[in-house]
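Have a look at the structure below, then the notes.
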2 protein chains.
Amino acid sequence: MSENANDPRIVRTMHMLREALLELMEEHGFERITVKDITSKAGLNRGTFYLHYADKFDLLERITEDMMQGLRQIAQTFDPLDLVMHESRDTPFPFTVRLFEYFGEHARFFSVMLGPKGDPAFSVKFKEFMQVHLMDKFNEFHHSEDRVPVPWDYLMAYLISAHLGIVQYWLEQGRDYTPWDMALMFTRMTQLSPIQSAGLKK
Amino acid sequence: MSENANDPRIVRTMHMLREALLELMEEHGFERITVKDITSKAGLNRGTFYLHYADKFDLLERITEDMMQGLRQIAQTFDPLDLVMHESRDTPFPFTVRLFEYFGEHARFFSVMLGPKGDPAFSVKFKEFMQVHLMDKFNEFHHSEDRVPVPWDYLMAYLISAHLGIVQYWLEQGRDYTPWDMALMFTRMTQLSPIQSAGLKK
DNA sequence: ATCATTAATCAACACGAAGTTTATTTTAGG
DNA sequence: CCTAAAATAAACTTCGTGTTGATTAATGAT
């Protein structure tokens with residue numbers, strides 16, 4: 001054989017461990033979970049766990065890294081032309097729609113990780129992602145430092161956290177709107193409020 | 001003696017355990033901390049811990065409850081007249097100033113708990129507090145359901161999370177503005193952006 | 001200053017999970 | 001069918017937990 005990551009047994013085992021962890025996190029939160037819990041929920045031997053992961057932290061990190069990778073991949077497809085195309089119309093960025101679709105596809109992960117049983121460090125990662133891929137696109141508008149009612153960095157913190165809150169709430173509500181609706185909310189909120197807070201427009 | 005909570009030994013011990021926990025959380029996060037760590041950092045016998053708390057979760061809950069109690073006490077002093085008084089002027093609510101002073105007084109706690117090593121469940125508690133004591137005051141403006149660009153509950157989630165983000169960022173930055181400045185930021189942000197997002201004003 | 005009360009310390013204990021190791025069984029694929 | 005590697009099984013050490021009983025130290029009232 002000699003193959004490693006392609007072995008169907010490994011793929012299957014890792015998948016079951018990941019699913020088991022997320023299910024347990026939903027119930028008890030990461031803190032209360034033991035490796036024993038994970039493997040018994042996955043129907044695997046406890047020793048098998050250590051064949052693939054160092055500990056439960058390692059397992060969570062691997063899952064997280066995969067999800068962030070997925071987000072970065074979507075971010076690559078971002079077209080700067082969209083900024084111009086959708087500036088004045090009341091339509092969402094296709095890029096943002098795609099993001100919400102991704103959240104929906106991996107709803108359990110994002111729901112747990114961004115929820116009350118989740119990992120606050122992940123929220124930070126997530127915010128950094130939004131800073132780079134959503135906010136920095138708008139920073140072209142930011143040139144003059146004078147006469148702004150609110151410091152620029154605080155406005156950024158405000159907006160990023162606000163957007164995170166929207167995603168969290170959407171997941172909590174069981175995704176009661178479509179990704180398209182949500183992306184449109186994003187667009188509207190970033191176009192109506194923040195620009196005025198920054199003092200760039202009446 | 002027969003006194004209980006007044007005994008200076010108890011007060012001293014509990015205080016040292018609380019301080020030790022917060023220091024350790026800053027370093028390693030709650031998850032990695034053991035009761036052994038806490039007591040040895042506090043310079044106390046491990047058995048002493050169990051004289052006062054059931055486990056490390058219990059300890060954290062007690063601290064948290066005390067802090068929330070402090071917040072609720074401040075919230076009681078809120079004067080509805082402030083809403084009218086400060087509506088059009090560019091001045092912060094005294095109530096909000098007082099809140100930021102409180103965050104500053106207990107900066108270590110809030111900084112840790114709302115930070116990447118903190119407890120996401122606390123952020124939820126904190127949001128609930130803001131919902132009740134900040135947002136619900138403004139809900140008078142909300143009467144007509146039709147023709148709003150963004151659903152009301154999503155706007156609330158947006159605003160609350162945004163405000164939380166401001167507090168978090170302020171603590172991260174080492175409180176580089178005064179509580180007065182911060183409260184003014186709150187006032188400006190809630191007055192400039194959200195009302196327009198709600199479609200109540202051009 | 002003395003003394004009864006109670007907190008804090010110390011040592012020992014059983015228990016459970018962690019992480020490792022070795023031998024054995026099962027499974028995938030040439 | 002047969003080989004390589006993954007999964008299982010069982011044993012083992014280590015470590016933290018939560019508890020208990022005996023001892024020492026401190027507090028506050030007399």
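Both backbone and side-chain heavy atoms feed into the values below; hydrogens, waters and symmetry mates do not. These figures come from a predicted structure and were not determined experimentally. Lettering follows sequence order; numbering is per chain, from 1.
Using a 4.0 Å cut-off between charged nitrogen and carboxylate oxygen, D7(A) and R12(A) do not count as a salt-bridge pair. Of the charged side-chain nitrogens involved, none lies within less than 4.0 Å of a carboxylate oxygen, so that E61(B) and K56(B) do not count as a salt-bridged pair.
For I10(A), whose side chain is taken as the heavy atoms from C-beta onward, the closest listed nucleotide among dG28(D), dA6(D), dT9(C) is dA6(D). Nearest to the side-chain atoms of T13(B) among the listed nucleotides dT8(D), dT27(C), dA8(C) stands dA8(C).
Taking the six-membered ring for Trp and the full ring otherwise, F100(B) and W170(B) have centroids separated by under 6.0 Å.
Taking atom OH of residue Y53(B) and atom P of nucleotide dA7(C), one finds them 14 Å apart after rounding to whole Å. In this structure, R12(B) atom CZ and dA26(D) atom P are separated by 9 Å, rounded to whole Å. Atoms CG (L51(B)) and P (dC10(C)) sit 14 Å apart, rounded to a whole Å. For the pair F49(B) CZ and dG18(D) P, the interatomic distance rounds to 8 Å; values are reported in whole Å. Here the P atom of nucleotide dA4(D) and the CZ atom of R9(A) are 13 Å apart, to the nearest Å. For the pair M14(A) CE and dA6(D) P, the interatomic distance rounds to 10 Å; values are reported in whole Å. In this structure, CG of N6(A) is placed 15 Å from C1' of dA4(D), rounded to the nearest angstrom. In this structure, M16(B) atom CE and dA7(C) atom P are separated by 18 Å, rounded to whole Å.
Taking side-chain N and O atoms only, H52(A) has a distance below 4.0 Å to OP1 or OP2 of dA7(D).
Y154(A) meets the ring pair (Phe, Tyr, Trp, His ring centres under 6.0 Å) test with Y169(B), Y177(B); sequence neighbours excluded.
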Below 3.5 Å is the cut-off: list the nitrogen or oxygen pairs between protein and nucleotides 10-17 of chain D, distance only.
unit_1, atom_1, unit_2, atom_2, d
dT17(D), OP1, V35(B), N, 2.6
dT17(D), OP2, K36(B), N, 3.3

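Each salt bridge (Lys or Arg N to Asp or Glu O under 4.0 Å) pair with one or both residues in residues 115-124 of chain B, not counting sequence neighbours, would appear here, but there are none.
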Checklist entry - So R18(B) and D66(B), salt bridge (charged side-chain N to carboxylate O under 4.0 Å, His left out) or not? Walk me through it. => result CA-CA 11 Å; R18(B) 284 160 182 240; D66(B) 280 6; 3.0 Å; yes
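A donor-acceptor pair under 3.5 Å is formed between the side chain of D37(B) and the backbone N or O of T34(B).
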